[in-house]
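Below you'll find the structure, written out as C-alpha cells, and then a few comments.
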Amino acid sequence: MQYAEILVDVANRRLDQIFHYRVPQLLTLKVGMRVIVPLGHRQVQGIVLRRADVLPEEAKEHVLKDVLAVVDDALAIPEDLLNLALWMAERTLCPIAQSLHTVWPLMKGKVEEWVVPLASKEDEDVQTLKFLDPEVYKGFTVLFRAKQKALPLSVFLKRSGFSQGKMDELLNQGWLRIESRFTSGIPAGARKQPPGETQLLEAKLITEGWKLTPEQAEACQGIEKALDGKAYQTILLHGVTGSGKTEVYREVITKVIAQGGTAILLVPEISLTSQVAYYFQKQFGHQVIVMHSGLKSGEKVKAWQEILKGQVKLVIGARSAVFAPLTNLRLIILDEEHEGAYKQDENPKYHARDVARKRMEQHQGVVVLGSATPSLEAYAAAQTGQIGFTKMEHRVADRPLPPVEIVDMREELMKGNRSMFSVALQSKIRSRLETQEQSMIFLNRRGYSTFVNCRECGYVVRCPDCDVALTYHSNGQVMRCHYCNHEEVPPHVCPECGSRYIRFFGQGTQRVEEELQGLFPKSRILRLDWDTTRAPENYNRILSTFRKQEADILVGTQMLAKGLDFPNVTLVGVIAADQLLNMPDFRAKERAFQLLTQVAGRTGRSNKPGEVVFQTYSPKDRAIVLASQHDYLHFFWEEIKYRKDRRYPPFTHVIRVILLHEKEDRVIKAAHSLTEFLRLGILNNEGGYNDLVILGPAPAVLARLKNKFRWQVLVKGKRLEPLRAFLHQGVQKYAQDSSSQGVQLNIEVDPLSMG
DNA sequence: AGCACGCCGACT
DNA sequence: GTCGGCGTGCTC
C-alpha cells in the first residue's frame, strides 16, 4: 500500500500538520501535486508533500482515508517553491495554507456541495408539480435558471428559502441529488490582455546614461563578481538620490540574461512598476513581464503561465513578484530596499527581502539591495560584513545635491505669520511660478483636518468601531476613519455638551491645496494622495499632467517621495517635518530621515539646480538636521548607537501577537491563556531560551479596530531563530486549548511599527 | 476553517 | 412540539 503525506488547504493553526492518506492504485502522485482529500465531514484541497511506502508510528493510530482525486489540469508546485512556502509559514508563524496560496496563486479552488436536479424542465412530473406542490416547483425553477442548471447548496438554500427538512424530503423523493464538485478559482479562459496602455504613458524618458560613470561601473563589477561566484550573496548598493542606480540594475540584468539566467526586479509600489517596466522593455522587449497584486486574477494567471513556459527572462513588480516561478533564477534586486511596502501587512507577514534571500540561497544567486537611505538593518549588516557593500556618492553628471533650508515655524508664529506656509517657502513658490518651474509640497497626512473637537468640553469625534479620531475631508464634507473608512457628517453642536464651538484642527493635504490656491489664485495645483489615486488610472494621469507641465504645484503625501523624476521641479517644500518624528515608535526617526532625504532628492535632477525647504517646530532635531545635510553616515552611527543602548532592533528581535475578538472578555481571557503557555515554556526551558522577555498581556496600541477588541503580547529575544521557535511551540499549545476558540491571532515577527 | 452535535429560547 | 441560535469538539 502506498501512502502520502498531505498538507490540507485549510487556514487554521490546528490543522497545520501533516495528514496521512492511502493512495489508491489508480492514482499516481507526485510531490507538489494538488489532490482532493476527505477531511472530517467534507472534502478539501491538499498538496502532496511526500509519498511513503511505510507509515510512521504516530500515524498508525488513525484510520486512514483514501486520496480521492488529483486536481486535473493543475500544475504541480515546483519543489523549490513548495519548500519556500513551508519555510515562510515557519518564519512568519502563519498557517501553511495561507503561505501556500501566496507562493502559488494557481492553487485557488474549493470543493463544495452542489444541488443537482434529477429531472429536466420539460418532464411531465415537474410540470404537474406546478399545481400539486408549487413550492417544490419553485425550487426547480431556481435550479433551471442557474447557468449550470445546478447550484452550490448554500446558494440554493438561500434562493429557494427551503429548510433542511424540506431539503431532506426532496432528496428522499428523488427530485434532487447532492454531489461534491470542485470549483477552480481560476477563470476558464485567462483573458488575453497585454499590459495596459496607460502603463506606458508615464514613462521616464531616457536621454542619457548609456555610458556608465566610474562609480556605476565599479558597482556593476562588484555585483558581477558575486554572480560569477555561483554562491549565495547579498550586496547593499548605497547610492545617493540621482546617482543612477537603475543604470546599474540594467547593466547587471543584461549580463545575467546573456548568460542564460533570469532575474526579478522589485520596486516598492505597484504605481512605480510601469515607469521601470517601460525602461526595461526598451531593451529586453517581450522577455520582460510586469507582475503585481493589482493585476486581475485572469491576468495574473496568464503572467504566471507565461513565466512557466520559460519565455520570460525578467520579472518586474511589487512585493509579490518575489515569488515569480522563474527557472534558472540568478538575481533578485530590491530597489528602494528601505521601503516599508516590502513587508506584507496581512498573513503571511513576510518581508520581500527575507524571501529574496531564501530564494537565492536555494539557487546560489545574488540579492542586490539598492537605496539612498538604507534600512538600519541592511547598513548594519554591511558594516559587520554579513553582506557585501558598494556605494555611489555622486549624482550623475556631477550634479550637486540640493541645498536645504530649515525654517523654524515658532519664529514664523512670533512674527505673526499664522499660515501653514513660511515667508521663505511662499516667496520661493512665487518665484517658481514666475520662471515657470515646478514645485512639490509634501505633507504626510491626507484629508483636510486631522480631528474635530469641541472647544467647550474637549470632546473629540471618534470612530464608533475603532479607537481613533475621525479626519475631516473637504470633498463631500464628511469625517472619515482612516482605518476602516467609516463615514459621518460632522456635528453642528457638540454631542456631549451641546456647545456650538465645534472646530476642526490639524492639517492635511486637502487643506494645503486649498490654502495654496488662496495664496496663488492663478497657479495650477494637483494633489497626489490616497484619496485622489483611489482609481488606479488617476495616479498616472496626475503624474503625466504634471510632467507635461500643465500644472505648477504638486501637493502630496509620501507618494511623492518614491522614485519620481521630474526635470522641471526645482523646489521641494516640506510643510511639517516634525510630524514624522512624533510617532510613538522607535523607528520614527529612521523613517523621518528616510522620507525627508527622499523627498529632498526629488529636485535638482536636471541641469536646473534645485532647492528644498523643511518647515519644522524642532529645527535642532538630528534627523531633520542630518537629512538637510544629506548625511546618511552620521545619521546611521547616531541612530545605531541609540538602538544599541535601548536594545532595539537590530540588536534584539520582537514578535508581537495581537488577539482579536468582538467581545472584550474573550480576548482578555485568551491573551492571559497564551501568556501562561509562553511563561510555562520558559519555566520548562527545554530550548535554553534564557534571554527571552515576555511583555504583557496588555491592550494593543489601537485597543479597538473595526469593531474588534485587541490585546497584545510581546516577546523579545536576542536571537531571532530561537525566539521564533519558542513562539511557535507556545502558540501551537495555545491553539489546542479551548480558550483560543474563535479568537483571531495576528502574529508579526519584527514589526515595522508598533501601531 | 467548517461542520456536527447538543443544549436553550421563541414561534409556524 | 420543531426551528435555529451559538458554545464545544474534531478533522489522517
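Model, not experiment: these values are computed from the prediction. In the text below, chain A, chain B and the rest are named by the order of the sequence lines, each starting its count at 1.
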Which part of the nucleic acid does [X] contact within heavy-atom distance under 4.0 Å: base, sugar-phosphate only, or nothing?
X       : result
A:His20 : base
A:Glu5  : nothing
A:Val63 : sugar-phosphate
A:Ala11 : sugar-phosphate
A:Pro38 : sugar-phosphate

From [options], nucleotide with atom closest to [X] side chain:
X       : options               : result
A:Lys65 : C:dT11, C:dC12, C:dG7 : C:dC12
A:Leu39 : C:dC10, C:dC12, B:dC3 : C:dC12
A:His62 : B:dA4, C:dC12, B:dG2  : C:dC12

Of A:Leu745, A:Ile747, A:Asn746, which is the lone residue that meets side chain to side chain contact (heavy atoms under 4.5 Å, CB included) with A:Ile658?
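So, applying the side chain to side chain contact (heavy atoms under 4.5 Å, CB included) to A:Ile658 and each of A:Leu745, A:Ile747, A:Asn746, only A:Asn746 qualifies.
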
Please give, in whole Å, the distance from [N] [atom2] to [X] [atom1]?
X        : N      : atom1 : atom2 : value
A:Glu112 : B:dC3  : CD    : P     : 9 Å
A:Asp9   : C:dC12 : CG    : C1'   : 16 Å
A:Arg42  : B:dA1  : CZ    : P     : 10 Å
A:Gln45  : B:dA1  : CD    : P     : 17 Å
A:His41  : B:dA1  : NE2   : P     : 18 Å
A:Glu61  : C:dC10 : CD    : C1'   : 14 Å
A:Leu15  : B:dC3  : CG    : P     : 13 Å
A:Tyr21  : C:dT11 : OH    : P     : 11 Å

Taking 4.0 Å as the cut-off, does a side-chain nitrogen or oxygen of A:Lys663 come that near to OP1 or OP2 on C:dG7?
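Yes, A:Lys663 has a side-chain N/O under 4.0 Å of OP1/OP2 on C:dG7.
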
Under a 3.5 Å cutoff, is there a donor and acceptor pairing between the side chains of A:Asp80 and A:Gln362?
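Judged by distance alone, the side chains do not pair up.
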
NZ/A:Lys60: more than 12 non-hydrogen atoms of other groups inside 6.0 Å
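Buried by this count: over 12 neighbours within 6.0 Å.
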
Would you name the heavy atoms of A:Pro105 and A:Lys300 that are closest together and state the gap between them?
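A:Pro105 and A:Lys300 have their closest heavy atoms at CG-CE, 4.3 Å.
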
Donor/acceptor link under 3.5 angstrom from A:Arg13 side chain onto base of B:dA1
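No such pair is found, so the answer is no.
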
Close side-chain approach of A:Val315 to A:Phe323, heavy-atom, < 4.5 Å:
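A side-chain contact under 4.5 Å is absent here.
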
